[in-house]
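Chain A is the first sequence line, chain B the second, and so forth, proteins listed ahead of strands; every chain is numbered from 1.
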Amino acid sequence: MSEELVNHYKPDERDILFLLFEQFRIQDYLGKAPYDAFGEDDARMIINEAIKFTTREVGTLNSYVDREGCKHDPQAGTVTVPPLMKELQRKYEENGWHLLRAPEEWGGQDAPHAVSLAVSEFFSGACAAWAMYTGLTLGAARLIHTFGTEEQRALYCPRMYGGEWMGTMCLTEPAAGSEVGRNAATAVKNDDGTYKITGTKIFISGGDHDMTDNIIHLALARIEGAARGTKGLSLFIVPKMRINDDGSVGESNDVICRGIENKMGIKASATATLNFGDNEACTGYLLGSEEHKGISQMFQMMNEARIGTGMQALSQASSAYLNAVGYARERVQGKPFADIATGKRGDSVTIIHHEDIRRMLLEMKCKVEGMRALTLKLAAHGDRAAVAGEGSEAASKELGYVELLTPLVKAYLSDQGFRVSELAIQVYGGYGYIKDYPVEQYCRDIKIQSLYEGTNYIQSLDLVGRKLNQGGGALVRQLAEDITRLVKEHEADEVFGSDAKALGEALGHMTGTTMQFMKFFQEGQHQLIPLAATRFLEMMAEVTCAYLLLEGAVIAHEKMQELSETDRDYSFYAGKIHSARFFIRNILPGVKMKAEVIASRDKTAIDIADHHFPMVGAD
Amino acid sequence: MKIVVTIKQTFTTEAKIAVDGGAISDKGIKQIVNPYDEFAVEQAIKIKESGGAEEVVVLTIGPERAGEALRQCLAMGADAAFRVWDDSLAAPGAWDVYATVLAGALEKMKPWELLLAGWVAVDDNAAIVVQRAAETLGIPQVLVVNKLDVGDGKVTAVREMDGYREVVEAPLPALVTADKALNTPRYPTLPNIMKAKRKPLTVWTLEDIGVTAGSAGFTRTGLALPPAKTGAKIVEGEPEEAAVALADLLHTEAKVI
Ligand SMILES: Cc1cc2nc3c(=O)[nH]c(=O)nc-3n(C[C@H](O)[C@H](O)[C@H](O)COP(=O)(O)OP(=O)(O)OC[C@H]3O[C@@H](n4cnc5c(N)ncnc54)[C@H](O)[C@@H]3O)c2cc1C
């Protein structure tokens with residue numbers, strides 16, 4: 001069944017427009033350099049057309065690409081993608097969507113990040129596996145745009161931004177997963193200034209495919225004699241195919257795909273094992289002109305990719321949630337509990353009427369909306385920094401927010417996105433487990449997000465080890481000040497008073513926990529820090545989401561006053577208020593509990609010896 | 001040759017309709033270009049692309065927000081847009097008034113050779129306004145067209161009916177209204193979305209086009225949502241018996257056969 005191409009992707013256009021234009025008010029900076037070409041009407045029309053395109057042309061292929069997957073030909077060392085996905089890529093480029101985020105210098109539109117990120121939710125939500133190819137290409141192209149020599153920029157940027165060639169990021173090796181410093185790929189300088197690259201990279205997304213004639217790998221490798229660890233790594237441009245002097249594609253550059261992974265989800269995204277230089281004929285070009293800068297250069301792409309990863313999780317979770325709402329409105333099963341309890345013999349009802357289903361739907365709703373607010377807030381801060389101008393004090397304050405929110409967006413969205421998609425299955429009951437319905441695929445496709453681009457633990461270390469201390473704690477202080485202002489404004493308020501107070505208290509627990517970290521450090525109890533890091537990231541994300549949901553609810557409440565109950569927007573605004581309340585009253589209380597656990601200095605997980613776990617090995 | 005396409009901004013057919021103060025509430029409802037008008041716009045652009053026309057302009061009667069619909073047409077490839085509005089036009093369903101206004105605007109936009117429009121608007125299903133305007137202008141009209149050729153001062157159109165097809169010719173200037181088999185409307189490309197705002201969009205008042213709207217020859221006296229659907233009935237039993245029972249119900253209860 002369901003072999004035909006049906007779109008199940010449901011975009012939440014209203015919530016996105018709310019966040020952009022009512023809550024974060026991006027129209028206040030649109031029209032200003034560098035976004036002088038973009039007005040509110042442009043942004044709205046772009047969103048509108050992107051929804052049309054994704055629901056008609058992209059979402060229809062999501063289960064098809066999942067079924068088809070990618071195929072590896074071991075003889076030829078090549079990978080083919082589902083044919084209709086190639087066709088989709090062509091349509092995507094024909095319609096110019098690949099130009100949205102590309103710099104003007106290379107024919108792009110250089111759209112504000114808030115707009116391009118909002119739009120990327122539609123593309124990724126409609127077909128995550130496919131959207132990854134263009135996302136990675138954009139990241140790789142931007143690396144060359146930022147760090148490349150003039151010749152490198154002129155050769156690669158127009159072709160990569162223009163869609164002619166795609167790109168990848170190659171960090172991972174069999175011995176180098178989270179520990180990037182164990183990279184064993186080597187680079188030996190040739191007489192002509194190029195490098196001979198040798199090594200094996202694994203798990204490379206988009207590492208091989210037949211969508212473009214060439215693939216430009218950005219690969220980390222260690223130049224002969226360079227230091228150990230990450231500081232000895234350099235970043236190389238390694239094309240799959242050699243490039244002739246006239247820019248045309250030539251012979252193989254000895255980058256061979258040895259296989260692709262058989263995975264849980266994102267099946268149409270080829271996860272490739274790449275052998276570089278098996279025949280000693282792989283040429284790499286140092287990105288830019290400085291050696292040993294690889295890791296800091298790669299971090300530009302990583303940061304961008306981390307935000308994209310969070311967005312990808314959100315996009316799937318949101319559609320899973322909306323599909324669950326749609327299903328719950330149709331499925332008739334069970335009589336109302338109140339009828340049973342009072343002995344009334346009522347009719348069976350649609351499941352959206354059951355208390356437990358409403359609990360799940362509202363949990364999904366408030367999490368998805370909180371997560372989206374977090375992401376678009378991050379993007380708006382980035383845009384405001386660009387408008388303020390590089391190097392200005394205002395810009396560095398805005399960028400501080402971007403840095404603080406990046407690990408939250410990556411880790412919280414991927415963890416909770418997975419849980420939201422799992423709840424969506426629960427709402428469907430047994431049907432959710434069946435491939436005729438879209439939610440099981442969302443759940444499988446989402447899971448990768450907590451793993452790649454640095455596992456979520458790595459994100460929590462970034463938060464606790466780096467971001468908390470940055471500028472002597474300035475980033476967290478800024479966040480706390482903004483939250484406190486909202487709390488103060490509304491704690492005496494009739495409508496939101498108790499919720500504002502609860503937010504204030506949760507914030508106290510969060511900032512209190514940052515003090516705990518200092519104490520652990522001073523007391524030499526170092527192991528308590530990584531033990532608490534993941535939990536702390538969740539606390540901070542929950543406090544920030546609650547803050548943004550409350551801020552949204554206040555706006556919604558004001559706007560509702562001018563509307564009548566039959567207006568569609570009235571229902572939307574009422575829904576926003578319920579989201580904030582549910583989150584604050586049902587999820588935020590967990591912050592206090594986590595703070596207490598962390599403060600209790602419980603070390604059970606450290607005290608338990610290896611051999612206290614069953615003595616099983618990996619098979 | 002110049003082609004004028006008349007379009008209408010409507011709410012989406014999926015939109016949940018709410019009635020507020022005797023009119024359909026447009027608050028929070030998504031507005032689109034009437035889908036049949038998109039076929040007309042696409043056709044006009046195609047004719048221009050194949051060298052059959054120099055200019056494509058779109059025209060609508062509508063309040064400020066209808067500018068979004070015009071902009072979509074500009075982003076699809078139209079060269080210029082015109083919007084006529086007067087607050088007196090807000091009264092619902094005044095098709096005869098709209099036809100007068102449309103004829104006035106089309107008169108002012110002369111010279112043009114081809115007038116294209118969707119055959120019907122999905123919001124009121126009237127299929128009357130542009131047809132009446134063509135009547136006023138005294139030009140031939142070929143309606144609900146599936147295939148269209150333009151050249152040698154005439155249009156040649158194919159109309160599909162149940163079981164047969166008809167080929168019709170008419171001299172220019174003429175009105176042709178589009179059915180959905182005519183073409184597949186393109187999406188506005190991203191670069192064209194950004195370019196659209198630099199294309200001219202002119203707003204006219206009734207005075208500008210020299211028309212007194214007058215009042216409609218009829219008034220809407222009621223507007224109500226259909227009664228809520230009552231529960232479906234499932235006929236149980238063996239297939240043969242169930243089929244007989246179902247036919248019986250369709251005859252006696254639903255009264256459809
Ligand atoms: C589908 C897919 C696509 C991918 N795409 C790419 C790509 O395009 N490019 C690329 O370079 N890589 C890619 N990767 C690789 C991915 O980034 C790595 O899998 C990831 O970084 C984790 O590395 P690992 O799998 O070796 O896990 P490990 O590093 O072995 O981690 C195992 C577990 O140990 C934990 N851990 C590791 N170190 C520590 C520590 N110091 N302290 C505490 N806990 C620790 C981890 O959090 C994790 O829970 C992809 C992977 C997959 C599955």
For [X] against [Y], the heavy-atom pair lying closest together:
X       : Y       : answer
Q72(B)  : M45(A)  : CA-CE, 3.3 Å
G96(A)  : P191(B) : CA-CD, 4.0 Å
M194(B) : A37(A)  : CE-O, 3.4 Å
I193(B) : I46(A)  : CG2-CG1, 4.0 Å

*Side-chain ion pair, E40(A) and K197(B), N-O less than 4.0 Å*: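 Here E40(A) does not pair with K197(B) in a salt bridge, since their nearest N and O are not under 4.0 Å apart.
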
Around atom [atom1] of [X], are there more than 12 heavy atoms from other residues, nucleotides or ligands closer than 6.0 Å?
X       : atom1 : answer
E330(A) : CD    : no
K147(B) : NZ    : no
H578(A) : NE2   : no
K180(B) : NZ    : no
W106(A) : CH2   : yes
D347(A) : CG    : no
R329(A) : CZ    : no

_Assess, by modelled atom type and distance only, whether the side chains of Y187(B) and E94(A) contain a donor and an acceptor separated by less than 3.5 Å._
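No donor-acceptor contact under 3.5 Å links the two side chains.
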
*Under 4.5 Å heavy-atom distance to chain A, tell me which part of R71(B) shows up: side chain, backbone, both or neither.*
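Answer is both: backbone and side chain atoms of R71(B) are under 4.5 Å from chain A.
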
*L190(B) side, atom CG; N95(A) side, atom CG - distance, nearest 0.5 Å*: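 Answer for the CG-CG pair, L190(B) versus N95(A), is 9.0 Å.
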
*asked:* If you define the side chain from C-beta out and look only at heavy atoms, does anything of N48(A) sit under 4.5 Å from K30(B)?
replied: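 With C-beta onward as the side chain, the pair touches.
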
*Among the options K91(A), R44(A), E57(A), pick out the one with the most heavy-atom pairs lying under 4.5 Å from chain B.*
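Sorted descending by pairs with chain B, the first entry is E57(A).
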
